[in-house]
Each structure stands twice: as C-alpha cells, then as structure tokens.
A.B. asks: 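Supplied in structure tokens, the structure appears directly below.
Here the structure is a predicted model, which is why all the values come from computation and not from measurement.
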Amino acid sequence: MSRFPITRAVFDDDDLAIIQEPLRSGWVVQGPYVAEFERAFSAWTGATHAMATTSCTTALQLCMAALDVKPGDEVLVPAFTWVSTANVVEHLGATPVFVDVDLRTFNVDVEALRAAITPRTVGILPVHLFGEPAAMNDIMAIASRHGLWVVEDAACGFDSWLDDRHVGTFGTFGCFSFHPRKSITTGEGGMVTGASAEQASLIRTLRDHGASRTDLERHAQRYSFLLAEYRHAGFNYRLTDLQGALGVSQLRKARAIMAGRRQGALWYDELLRDIEWLRPPHRDPRVRHGQQSYVCLFQPEVVTLEAAERLFARRNEGMAALETMGVVTRQGTHAPPHLDYYVQRYGYRPGDFPQAYLAERCTITLPLYAGITQDDCAEVVRLLRETFEGERR
Ligand SMILES: Cc1ncc(COP(=O)(O)O)c(C=O)c1O
C-alpha cells in the first residue's frame, strides 16, 4: 500500500458488525437498513426526502427519467465534471449542453450558464465539485426566471454547506455518491434528495422496476403472494441492505470523519500558503467545504491554453515521480466534452471550453483522508517541493 494514498475509507469494527446483520436476518435486499440510512441522511442534510440508489449515476438517471427528459431537450452541464453527469442526459436522447467552469472554484461559470440558455433548455445540472458548493443562489434565480428544473450533482457534496444549507437541497433533486473516493462510503451507492412528496414517491417507484409497493411492504402484508402494480417502466437501482447497514454505520461516525478531513485540509492550506506554483482550493466564508478532494492548480507559469501542454507534461512528470515515492496524486477530474465520445459526437475542440480544459490539464489532487496527520501533510508538501522545485531539503 502507498505511504500516502489519495484517500482512505474509514472502516472499523462497527462497520464489520453491522454488515453481518442482514446476513443474520436473511433480508439482504433493500429493506429496513436502507430505510434507516435514508432517514439518517435526511436528518444530516435537512432534505425532506432521501431515496437510496446503487450509485450517484443511477440517482441522476432516475431524476432525468422522473423529469421526463427526452430527445430534443437541452440540459446545461458543466464542462469539468465526471462524465456521468453528461451521460445521463445523452442516454435519453437529449443534448448535454456543456458550460465552461470558473477556474477559481472549478464549478460552473454563472455568466456562461446564463448565455447557454436556449428555447430548448429544460434544466440545469450544477455540480458541487470536490465538495465546493456551486453558486446555487444565482443558479436557482436563473432557473426560476427561465422556468427550468435544477438537479444538483452532489456526488462529492456530502457535508458541503452554502449559507448553512446543505447542497442537494436547493434544486428539485440532489444526487449523492457513496463510492469509496467519497467521504462516507457504501462500496458503491447513491442517494436522491428532494422536497416534494410526489416526486420522491416517483423516484422510489422508478428505482424499483416501477412497482407500486416495495418487496418489504409486500412481504409484511396479507396477500403477499400478489405482485405489485407496475405503472411505470422502471429500473432496478435498489441499494442492498448490506450497503444500507454500512451507510447507517458510516453516518454514525461521519462527524469524526469530516473533522479529520477538514483538519487535513487546514494543514495543507497553511503549508501551501507561500508556494506560488501550486494554488490551494478556493475558500469562501459562506461555504463549509465538504473536502471530498483537495484539488490544487499547478501554476508555475500563467495558466493559458498556449502553456497547457507544457504544464500538462511537467505536472505529469512530477506526479509520476511522486508516485514512486509513495505519494498518490490525481488530476481533479476530466472534461467530458474533450473525451472521445463527445468529441466524435459533437466535434468539440480544446478551445471550446478553455477553463475546463485547463482544469483537466493542470489540477493536482493531494492525499486527504480522516486520520492524516500534520506530519503526513508536511511530508507530502516536502516531497511536492522536492519534486517540483528540484530542492533537496
Ligand atoms: C461529479 C460527479 N458526478 C457523478 C459521479 C458518479 O458517481 P457514482 O460513481 O456514484 O456513480 C461522480 C463520481 O466520482 C462525480 O464525481
């Protein structure tokens, strides 16, 4: 194992104990533990409803289906995000219209968002990248002016707050991920949050083949031999109760996990203060950052399209050297319009979304996890300096 992994999931004896419970009871599919996980997640975020799914991607898919996204529709998607934010729109024959990001926050650029609206636009998919909330007040105002829905991609947004409001509670829906790169994990897993009882009920039905009642409900009632009604062409995106149990246990220790991650981020902020060639994450007093990832911008010279390939090569060389020393780093994420599928389909070029392109080329994510120590952070930064400054300290 690397000395400094990019992240480290927190699993303890409580997790080991609780995931055995469904095996003991024999009820391993979506059941009481998933329901408990949903209740606890609602309590954490303040969302009125929470519906667990198999991943954030399937959570997003359910929302697109519930909102009846269809061919001809345009949905605004940031140009710097995980590709599934765009794929879920593409899958329904609609068009993901990419919008460039702000290189300071890595989130969607609000002015560019406004400019991208056309008569075909039906909704906005803002992303709270790396745990930094998107500009939701502006985005909600734009959406309301143009009659658009908003689905927040909060895959990285666990415990991310803007003006004391948890991300995922601004739009019609919010979608979260519990992949192991996230602060709390169920292996794979996701959650849809929402405020409307009607929409929540539709999500619950769609994730379960379109069934009018769950298997657990059916088994608990008379005439359990009768199948449910199926009024929608649904999916099977049900989280298992083993994962639900793990989610319950992860949430119980989430305060400690988040305190550890935030402390690590504070140490890095301090250690990087005087390093001009590496810009630490954006800080805003109105934001409580979720610290899903600690993503910096590699800027030994001015970050421009002309310099992009040179910076990319230098960055990669340094990251490769760090890897041999046991320091795992990663690019922030990718720019979907520059991925093969979207280039082939829509003919995008690097100049089309310059900030997203530069973010992809020049970001460096540092190791961050609950339990990282001040000495660990100092050692990571020492090795970073040794690598990129060529200094032996
Ligand atoms: C912004 C964003 N959206 C969506 C996803 C997809 O999440 P999942 O792996 O749970 O499907 C990710 C995963 O990293 C992500 O970062």
Side-chain angles (χ1 to χ4, degrees), residues 1-19 36-37 40-41 43-45 52 55-56 82 128-133 154-161 166-168 176-191 242-272 280-283 287-296 322-323 325-330 332-333 363-384:
M1 205 216 260
S2 302
R3 243 170 106 202
F4 302 108
I6 192 70
T7 193
R8 196 176 267 163
V10 179
F11 295 133
D12 59 16
D13 287 346
D14 293 335
D15 298 307
L16 284 171
I18 204 167
I19 58 169
E36 189 178 339
F37 183 33
F41 199 79
W44 187 283
T45 56
S55 69
C56 181
W82 185 248
H128 308 292
L129 208 56
F130 314 133
E132 163 98 24
C156 315
F158 177 71
D159 209 32
S160 300
W161 304 76
H166 201 288
V167 300
F176 293 81
S177 172
F178 305 117
H179 178 274
R181 271 295 301 274
K182 309 303 186 287
S183 301
I184 60 166
T185 182
T186 56
E188 300 280 357
M191 192 74 78
L242 287 101
Q243 292 167 297
L246 185 54
V248 167
S249 172
Q250 290 274 295
L251 265 182
R252 282 181 191 153
K253 56 178 152 282
R255 247 170 246 300
I257 293 174
M258 295 311 298
R261 299 182 78 91
R262 289 203 168 97
Q263 179 59 74
L266 277 177
W267 283 324
Y268 277 137
D269 283 356
E270 192 55 38
L271 287 158
L272 297 178
H282 176 249
R283 299 294 175 216
V287 159
R288 193 160 155 73
H289 198 296
Q291 300 302 165
Q292 179 267 332
S293 279
Y294 192 91
V295 183
C296 304
L322 285 164
E323 196 169 51
M325 297 180 230
V327 180
V328 181
T329 58
R330 291 280 183 270
T333 185
T363 39
I364 303 181
T365 311
L366 303 188
L368 182 64
Y369 38 88
I372 198 165
T373 66
Q374 192 166 12
D375 286 350
D376 292 339
C377 293
E379 179 64 359
V380 168
V381 173
R382 187 185 72 77
L383 292 169
L384 268 171

A.B. asks: Kindly write out the residues that satisfy ring pair (Phe, Tyr, Trp, His ring centres under 6.0 Å) with Phe158, not counting sequence neighbours, or none if the list is empty.
C.D. replies: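 Trp44.
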
A.B. asks: Could you measure the distance from the CG atom of Asp375 to the CZ atom of Arg382? Nearest 0.5 Å is fine.
C.D. replies: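 One gets 11.5 Å once the value is rounded to the nearest 0.5 Å.
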
A.B. asks: So which atom in Leu368 and which in Ala265 form the shortest heavy-atom distance, rounded to 0.1 Å?
C.D. replies: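 Minimum heavy-atom contact is CD1-N, 3.8 Å.
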
A.B. asks: Would you give the length of the straight line joining atom CE of Met258 to atom NE2 of His289, rounded to the nearest 0.5 angstrom?
C.D. replies: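 NE2 of His289 is found 9.5 Å from CE of Met258.
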
A.B. asks: So, using side chain to side chain donor-acceptor pair (under 3.5 Å) as the criterion, who are the partners of Gln292 when residues are at least two apart?
C.D. replies: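 Residues passing side chain to side chain donor-acceptor pair (under 3.5 Å) with Gln292: none at all.
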
A.B. asks: Checking Ser160 now: which residues fulfil side chain to side chain contact (heavy atoms under 4.5 Å, CB included) with it, not counting sequence neighbours?
C.D. replies: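 Counting only residues at least two positions away or on another chain, Ser160 forms a side chain to side chain contact (heavy atoms under 4.5 Å, CB included) with Pro133, Val167.
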
A.B. asks: What pairs with Ser55 under side chain to side chain donor-acceptor pair (under 3.5 Å), at least two apart in sequence or on another chain?
C.D. replies: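 Only Thr58 meet the side chain to side chain donor-acceptor pair (under 3.5 Å) criterion with Ser55.
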
A.B. asks: Are Ser249 and Asp15 linked by a side-chain donor-acceptor pair shorter than 3.5 Å?
C.D. replies: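 Indeed, the side chains of Ser249 and Asp15 share at least one donor-acceptor pair under 3.5 Å.
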
A.B. asks: According to ring pair (Phe, Tyr, Trp, His ring centres under 6.0 Å), who are the partners of Phe37, at least two apart in sequence or on a separate chain?
C.D. replies: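 Result, ring pair (Phe, Tyr, Trp, His ring centres under 6.0 Å) vs Phe37: Phe178.
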
A.B. asks: Nearest heavy-atom pair of Ser183 and Ile257: which atoms, and what distance?
C.D. replies: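 It is O-CG2, 3.5 Å.
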
A.B. asks: To the nearest 0.5 Å, what is the distance between CD1 (Ile6) and OG (Ser293)?
C.D. replies: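 So the CD1 of Ile6 and the OG of Ser293 are separated by 6.5 Å.
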
A.B. asks: Specify the closest pair of heavy atoms between Ala245 and Ile19, including all atoms of both residues, with the distance to one decimal.
C.D. replies: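 Looking at all heavy atoms of both residues, the shortest contact is CB-CA, 4.4 Å.
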
A.B. asks: Tell me the closest heavy-atom pair linking Gly187 and Pro180, and the distance in Å.
C.D. replies: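 Gly187 and Pro180 have their closest heavy atoms at O-CD, 2.8 Å.
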
A.B. asks: What residues form a side chain to side chain donor-acceptor pair (under 3.5 Å) with Arg330, not counting sequence neighbours?
C.D. replies: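 Applying side chain to side chain donor-acceptor pair (under 3.5 Å) to Arg330 gives none.
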
A.B. asks: Of all residues at least two apart in sequence or in a different chain, which pass the ring pair (Phe, Tyr, Trp, His ring centres under 6.0 Å) check with Trp82?
C.D. replies: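 Per chain and number, Trp82 pairs via ring pair (Phe, Tyr, Trp, His ring centres under 6.0 Å) with His334.
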
A.B. asks: Between Leu272 and Tyr294, is the side chain to side chain contact (heavy atoms under 4.5 Å, CB included) condition met? List the steps.
C.D. replies: CA-CA 12 Å; Leu272 297 178; Tyr294 192 91; 3.7 Å; yes

A.B. asks: Go through the structure and list residues passing side chain to side chain contact (heavy atoms under 4.5 Å, CB included) with Leu271, not counting sequence neighbours.
C.D. replies: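 Only Cys377, Ala378, Val381 meet the side chain to side chain contact (heavy atoms under 4.5 Å, CB included) criterion with Leu271.
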
A.B. asks: Measure the shortest side-chain to side-chain distance between Ile364 and Val295 over non-hydrogen atoms and say whether it is less than 4.5 angstrom.
C.D. replies: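 No, side chains not in contact.
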
A.B. asks: With sequence neighbours excluded, give me every salt bridge (charged side-chain N to carboxylate O under 4.0 Å, His left out) pair touching residues 255-271.
C.D. replies: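 Non-adjacent pairs meeting salt bridge (charged side-chain N to carboxylate O under 4.0 Å, His left out): Asp159-Arg262, Asp269-Arg283, Glu270-Arg273.
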
A.B. asks: Looking at CD1 of Ile184 and CZ of Phe41, how far apart are the two atoms once the value is rounded to the nearest 0.5 Å?
C.D. replies: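 Rounded to the nearest 0.5 Å, the CD1-CZ separation comes out at 6.0 Å.
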
A.B. asks: Can you tell me how far CG of Leu366 sits from OG1 of Thr7, rounded to the nearest 0.5 angstrom?
C.D. replies: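 These two atoms lie 12.5 Å from each other.
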
A.B. asks: Could you tell me if the side chain of Thr185 sits less than 4.5 Å from the side chain of Gln250, heavy atoms only?
C.D. replies: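 The answer is yes, as the side chains (C-beta and beyond) meet within the 4.5 Å cut-off.
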
A.B. asks: Heavy atoms, side chains only, cut-off 4.5 Å: are Gln243 and Glu188 in contact?
C.D. replies: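 Yes; the side chains approach each other to less than 4.5 Å.
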
A.B. asks: Tell me, which pairs form a salt bridge (charged side-chain N to carboxylate O under 4.0 Å, His left out) where one or both residues lie in residues 243-252, sequence neighbours left out?
C.D. replies: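 Passing the test, one end in residues 243-252: Glu36-Arg252.
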
A.B. asks: Check whether any side-chain heavy atom of Asp376 sits under 4.5 Å from a side-chain heavy atom of Phe4, and report yes or no.
C.D. replies: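 Counting from C-beta outward, Asp376 and Phe4 do come under 4.5 Å.
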
A.B. asks: Checking Glu323 side chain against Thr329 main chain: does a donor-acceptor pair fall under 3.5 Å?
C.D. replies: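 Checked: no pair found.
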
A.B. asks: Report the residues that fulfil side chain to side chain donor-acceptor pair (under 3.5 Å) with His282, sequence neighbours left out, ordered by chain and then residue number.
C.D. replies: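 Partners of His282 by the side chain to side chain donor-acceptor pair (under 3.5 Å) criterion, ordered by chain and then number, come out as Arg104, Glu132.
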
A.B. asks: So do the side chains of Arg3 and Leu383 get within less than 4.5 Å of each other, counting heavy atoms only?
C.D. replies: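 Arg3 reaches Leu383 side chain to side chain.
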
A.B. asks: Kindly compute the distance separating CZ (Phe130) from CZ (Arg181), expressed to the nearest 0.5 Å.
C.D. replies: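 Rounded to the nearest 0.5 Å, the CZ-CZ separation comes out at 8.5 Å.
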
A.B. asks: With distance as the sole test, does Tyr268 use its side chain to make a donor-acceptor pair with the main-chain N or O of Pro367 at under 3.5 Å?
C.D. replies: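 Checking the backbone N and O of Pro367 against the side chain of Tyr268, a donor-acceptor pair under 3.5 Å is found.
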
A.B. asks: Would you say Ser177's side chain and Ala155's backbone share a donor-acceptor pair under 3.5 angstrom?
C.D. replies: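 Absent.
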
A.B. asks: Under the salt bridge (Lys or Arg N to Asp or Glu O under 4.0 Å) rule, collect the residues that match up with Asp12, sequence neighbours excluded.
C.D. replies: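 With sequence neighbours excluded, Asp12 shows a salt bridge (Lys or Arg N to Asp or Glu O under 4.0 Å) to Lys253, given in chain and number order.
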
A.B. asks: Report yes if some heavy atom in the side chain of Pro5 is under 4.5 Å from a heavy atom in the side chain of Tyr369; otherwise report no.
C.D. replies: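 Yes - at least one pair of side-chain heavy atoms lies under 4.5 Å apart.
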
